Each structure stands twice: as C-alpha cells, then as structure tokens.
Amino acid sequence: MKCDYDIIINGAGATGLSAALALSQAGFKTALIDAIDFKHEGQSTSDPRASTLAATSLNMMRRLGLNNALAPHLQVIKDMMIGEGRPGQISPLTLHFDTSERDVPMGAIIENSRLLEVLRDAVEQADNLSLYLGRPLSDFSTTSAFAKVILETGTELTAPLIIAADGRNSFLRKAAGIAVAARDYDQAAVVTTVSHTRPHGGVAQQLFFSGGPFALLPLIGNRTSLVWSDRKAAVKAAMALDDTAFLSELERRFGDHLGALTLDGPRLSYPLSLQMAESYTSERLALIGDAAHVVHPIAGQGLNMGLRDVAALTDVLSSARATGLDIGGAELATYEQWRAGDNRLLGIATDQLNHLFSNQVTPLRHLRRLGLAAVDKTSFAQKFFMSEAAGELGDLPPLLRA
Ligand SMILES: Cc1cc2nc3c(=O)[nH]c(=O)nc-3n(C[C@H](O)[C@H](O)[C@H](O)COP(=O)(O)OP(=O)(O)OC[C@H]3O[C@@H](n4cnc5c(N)ncnc54)[C@H](O)[C@@H]3O)c2cc1C
C-alpha cells in the first residue's frame with residue numbers, strides 16, 4: 001500500500017518543529033500536526049519561559065539553517081555562578097564556571113516565544129513538509145505495514161512511521177499503551193521576565209534556597225528570565241502577591257547586583273515532575289521530547305534532551321532508508337538504545353541534584369558545600385561539567401556536531 005507520507009509527527013512544540021525541519025531536509029516526505037493553528041491564530045505564544053540551548057543544540061539550529069534568524073535573540077552565556085542563596089546575598093561558597101577558555105560558548109539563552117516564532121516561520125517555508133494545524137489527533141492504529149492517524153476533523157493520514165512529539169501528556173504514548181514512571185515533586189516554578197538597570201554581563205546564576213533553585217537566565221538587553229522553583233504552597237503564595245510585593249521578594253532574594261527591577265512579562269507557574277516513558281518505541285511509533293521524558297528544570301536540559309532525540313532519530317532513519325530498510329521497523333530499536341539510557345541518566349541526575357539542593361538537612365548542606373568547593377577548585381571537574389552542560393559528552397549524531 002502507498003502511504004500518504006514517509007513520516008507523520010504529532011506535536012509542533014520546539015521538539016516537533018525541529019524534527020519536522022530535520023526530517024524534511026533529510027528528504028522524508030513529512031506531515032506535522034498540532035492542535036493549535038499558529039498560522040492563522042497569529043504567532044504569539046503565552047509561554048513566558050526562556051530556554052538554555054546547549055552548544056550542541058546551537059550546532060543543530062545552525063545545521064537546520066536557522067542561525068541568522070535566531071542570532072538576534074540569543075544571549076550567549078559568558079559565565080555561570082552556582083551557589084547557596086541567602087536572602088539579599090550570595091554565599092561565599094559559590095561555584096564559578098568561567099567560559100572564557102572555551103573555543104565555543106557553553107550555550108545561549110533564548111525566550112521560548114522567539115524560538116517558536118523562528119521554528120514556525122521555517123516550517124511554513126519548508127519543502128517536503130505539510131502542516132495540519134488546529135486539528136487535534138483523535139485516533140491512532142497500526143498494521144504490520146503502516147500506521148494510520150485520524151484527526152478530529154475526520155481526515156485520515158497514513159505513514160510507515162508516526163513520531164509522538166505531543167508533550168508530557170502525549171496522546172500517542174497513551175494510545176500505544178506505553179506506561180511512564182513518574183514522580184511528582186512537591187514543587188512548582190514561577191516563571192517571569194524582569195528588566196533591570198544594571199547589565200547582567202551574560203552571567204547565568206543558579207541560587208539554592210531551601211524550597212528549590214532560583215535561576216536567573218540573562219536575556220538580550222538588560223533583561224533576565226527568572227525560574228523560581230519552590231514548594232507548591234510557596235509558589236501559590238508568590239503567585240498571589242501583587243507586582244510590588246513580588247518584586248520586593250525578588251530583591252530580597254537576589255540582592256541589588258542588577259540594580260532596580262521592573263516586571264517585563266506575565267507571571268506563570270508550572271508544576272514540576274520527573275516522568276520517564278518505559279519504552280521509546282512501539283509498532284511504527286517513536287517518542288521524542290517531553291512525550292518520552294520530563295525532567296526538573298534545575299539543569300536547563302529538558303528541551304536539549306528532546307533536540308538530541310531528534311538528531312539521533314534523524315540519523316537512524318536516514319541510515320535505514322540508505323540501506324533500503326523499513327523506517328518504521330526494527331531499526332527503531334537503535335534509536336531507543338541510543339537515547340533512552342542517556343535520558344534516564346540525566347533524569348536521575350536532575351532528581352538527585354534537586355534533592356541535594358532543595359534541602360536544609362545538615363549533612364546534605366555540608367555535602368553540597370564540599371561538592372561546590374571541590375568542583376570550584378578542580379579544573380578537570382570544571383571542564384567536565386561545562387562539557388556536560390554543553391551537551392558535548394557521549395556519542396553525538398551529525399546534526400549536533402560543530
Ligand atoms: C519552568 C521550566 C523551565 C524550563 N527551562 C528549560 C531550559 O532552560 N532548557 C531546556 O532545555 N528545557 C527547559 N525546560 C523544558 C522544556 O521547556 C521542555 O522540555 C520542552 O518545552 C518540551 O517541548 P516538546 O516540544 O517536547 O513538548 P511541548 O512544548 O509540550 O509541545 C507539545 C505540542 O504537542 C501539541 N499537542 C499535544 N497533544 C496533541 C494532540 N492530541 N493533537 C495534536 N497536537 C497535540 C501541543 O499543542 C504542543 O504544541 C523547562 C521546563 C519548565 C517547566
């Protein structure tokens with residue numbers, strides 16, 4: 001039977017959009033579906049978050065031809081400070097990653113609204129790619145030869161392979177009966193953007209308070225994206241504050257090193273959890289991005305993990321096609337082997353970091369101070385952690401290479 005497409009992707013978040021670009025550019029006839037019609041409902045997104053794109057994710061964006069469009073929105077990370085937070089001051093035991101000795105930046109920060117805008121523009125112009133927007137997926141079935149999806153409008157589409165990029169509550173993952181191992185943290189994160197009178201100098205900061213990490217991510221201009229993770233009750237209270245009281249609480253937490261602060265965007269809160277799919281594939285289906293794994297934002301790695309899935313899957317599918325193999329067949333196991341172990345390790349690492357740093361138990365406090373001091377004083381450890389954050393360790397597929 002002749003299928004409508006080579007590959008159908010459900011979900012046009014940053015992961016699905018990147019997959020659609022990578023696979024259509026690799027020559028696969030691709031369809032991209034999303035419940036939201038960004039083409040006709042306008043480009044604006046309500047997502048106030050910013051993402052840290054690791055060096056390898058930046059390589060991928062370059063290889064997808066997005067360098068010029070992204071460049072005006074990328075704030076390069078020039079330095080990273082990690083330390084224990086104390087109201088109004090940063091602890092003397094602060095770990096400092098000076099990136100000046102690296103040939104390429106460790107990463108850059110971009111507002112999600114900008115990233116999505118650039119990716120959406122690119123998919124609208126891409127060859128080999130059809131968009132089905134504003135139409136949620138309502139059914140998924142497979143035979144040994146092909147898979148079929150049905151949109152709520154009744155449209156039926158077939159392909160040898162379906163990719164689930166439909167986020168943490170993935171419809172496709174549930175339809176395929178793939179279970180998840182999940183841990184709900186008693187934490188949520190308040191996210192907003194602040195403007196300030198003093199420059200941030202490209203310094204990203206992660207301060208640890210008893211309820212969770214408080215991240216300051218520098219943006220283009222005198223602006224910073226804030227990710228304040230805390231116990232759910234504290235986040236609820238922070239969301240209930242008026243703007244003046246909220247700003248005073250921010251000033252109390254990170255002092256006056258950025259000068260006077262003003263709010264520069266909406267405040268939204270996100271529940272935090274760890275969620276790992278028990279399998280990344282089933283018959284004619286592959287999971288990528290948050291559909292496969294959700295991690296604590298403590299290390300800013302969630303989207304980077306999804307982009308690594310995209311790069312690995314594109315490589316596996318291109319090799320399968322080059323050797324005449326069925327792209328929705330046994331080769332999917334290679335993708336699972338490549339990505340699932342890495343993602344699970346990172347999931348465990350973020351879980352442990354969150355436990356270690358969102359805690360006032362005395363032995364753990366000593367342990368993290370010792371750890372910060374040891375890494376701060378050892379250049380090998382510094383280089384290792386910088387390479388890990390830049391996504392440079394492990395077996396890199398071509399799309400992630402410089
Ligand atoms: C507070 C916070 C801060 C973060 N900071 C960082 C960071 O600094 N760096 C980083 O790398 N990561 C970060 N992350 C993680 C990152 O935001 C996510 O990993 C990433 O957004 C996941 O993208 P995705 O495309 O896989 O899923 P999503 O963005 O959830 O996209 C899913 C898409 O699928 C569509 N969809 C869903 N169901 C259907 C259906 N049935 N039919 C059709 N369409 C459907 C949705 O409309 C949506 O467009 C952070 C997360 C949080 C919560």
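In listed order, ligands and their atoms are each counted from 1. Please read these numbers as outputs of a predicted model, since none were measured by experiment.
The contact set between ligand 1 and Ala165, taken as ligand atoms under 4.0 Å from a residue heavy atom, comprises 32 (C), 33 (C), 34 (O). Annotation for ligand 1: atoms under 4.0 Å from non-hydrogen atoms of Gly300 are 7 (C), 8 (O), 9 (N), 10 (C), 11 (O). Listed by atom number, the atoms of ligand 1 under 4.0 Å from Gly302 heavy atoms are 10 (C), 11 (O), 12 (N), 15 (C), 19 (O). Residue-ligand proximity, Phe171 to ligand 1, at heavy-atom distances under 4.0 Å covers atoms 41 (N). Close approach of ligand 1 to Gly289 (heavy-atom distance below 4.0 Å) involves ligand atoms 26 (O). For ligand 1, the atoms closer than 4.0 angstrom to any heavy atom of Ala14 are 25 (O).
Protein heavy atom at the shortest distance from atom 27 (O) of ligand 1 is Gly167 CA, 3.8 Å. Among all non-hydrogen protein atoms, the one lying nearest atom 3 (C) of ligand 1 is Pro297 CB, 3.6 Å. The shortest contact between atom 35 (C) of ligand 1 and any protein heavy atom is with Asp34 OD2, 3.1 Å. The protein heavy atom nearest to atom 31 (O) of ligand 1 is Gly13 CA, 3.5 Å. Of the protein's non-hydrogen atoms, the one nearest atom 11 (O) of ligand 1 is Leu303 N, 2.8 Å.
With hydrogens and angles ignored, the 3.5 Å screen pairs no side-chain donor or acceptor of Arg267 with any backbone N or O of Thr192. Listed for the Asn112 side chain is a donor-acceptor partner under 3.5 Å among the backbone atoms of Ser51. With hydrogens and angles ignored, the 3.5 Å screen pairs a side-chain donor or acceptor of Asn304 with a backbone N or O of Ala54. Counting only distance, with no hydrogens or angles, the side chain of Arg198 and the backbone of Asp256 share a donor-acceptor pair below 3.5 Å. Within the 3.5 Å criterion, the main-chain N or O of Leu285 finds no donor-acceptor partner in the side chain of Ser282. Between the side chain of Arg63 and the backbone N or O of Pro398, at least one donor-acceptor pair lies under 3.5 Å. Checking side-chain atoms of Gln25 against main-chain N and O of Leu64 turns up a donor-acceptor pair under 3.5 Å. The closest donor-acceptor contact from the side chain of Arg135 to the backbone of Ile150 lies at 3.5 Å or more, if one exists at all.
Only backbone heavy atoms of Ala12 (N, CA, C or O) come within less than 4.0 Å of ligand 1; its side chain stays farther off. Looking at Ser138 against ligand 1, nothing comes within 4.0 Å, counting heavy atoms. For Asn10, every heavy-atom contact with ligand 1 shorter than 4.0 Å involves the side chain, none the backbone.
In terms of polar-atom proximity, defined here as any N/O pair under 3.5 Å, Asn304 does make such a contact with ligand 1. Considering backbone and side-chain N/O of Gly11, none are found under 3.5 Å from N/O of ligand 1. For a threshold of 3.5 Å applied to N or O pairs, the pair formed by Ala35 and ligand 1 contains at least one separation below that value. The shortest N/O to N/O separation between Asp290 and ligand 1 falls below 3.5 Å. Among the atoms of Val191, none of the N or O lies under 3.5 angstrom from an N or O of ligand 1. Every N/O-N/O distance between Ala291 and ligand 1 stays at or above 3.5 Å. For ligand 1, the polar-atom distance check against Arg168 finds no nitrogen or oxygen pair separated by under 3.5 Å. Ligand 1 has an N or O atom lying under 3.5 Å from an N or O atom of Thr52, backbone or side chain. Annotation: Thr15 places an N or O atom under 3.5 Å from an N or O atom of ligand 1; distance criterion only.
A donor and an acceptor atom, one from each side chain of Thr158 and Asp4, are located under 3.5 Å apart. Using modelled atom types, one finds a donor on one side chain and an acceptor on the other under 3.5 Å when comparing Asn343 with Tyr280. For the 3.5 Å distance criterion, the side chains of Thr281 and Glu336 qualify, holding a donor opposite an acceptor. With no hydrogens or angles considered, a side-chain donor-acceptor pair links Thr142 and Glu283 at under 3.5 Å.
Of the options Arg49, Arg135, Gln301, the smallest heavy-atom separation from atom 2 (C) of ligand 1 is shown by Arg49. Residue Asp166 holds the heavy atom nearest to atom 38 (N) of ligand 1 of all those in Val294, Val190, Asp166.
With Arg308 as the partner, the side chain to side chain contact (heavy atoms under 4.5 Å, CB included) test is satisfied by one option alone out of Leu346, Leu399, Asp342, Ile288: Leu346.
Residues meeting the ring-ring contact (aromatic ring centres under 6.0 Å, His included) test with His296, sequence neighbours left out: Tyr185.
Inside a 4.0 Å radius of atom 41 (N) of ligand 1 there is at least one protein heavy atom.
A salt bridge is defined here as a Lys NZ or Arg NE, NH1 or NH2 lying under 4.0 Å from an Asp or Glu carboxylate O, and Asp309 with Arg339 meets this definition.
Under the 4.0 angstrom criterion for non-hydrogen atoms, Ala50 is in contact with ligand 1.
Annotation: Asp127, atom CG; neighbour count of heavy atoms from other residues, nucleotides and ligands within 6.0 Å does not exceed 12.
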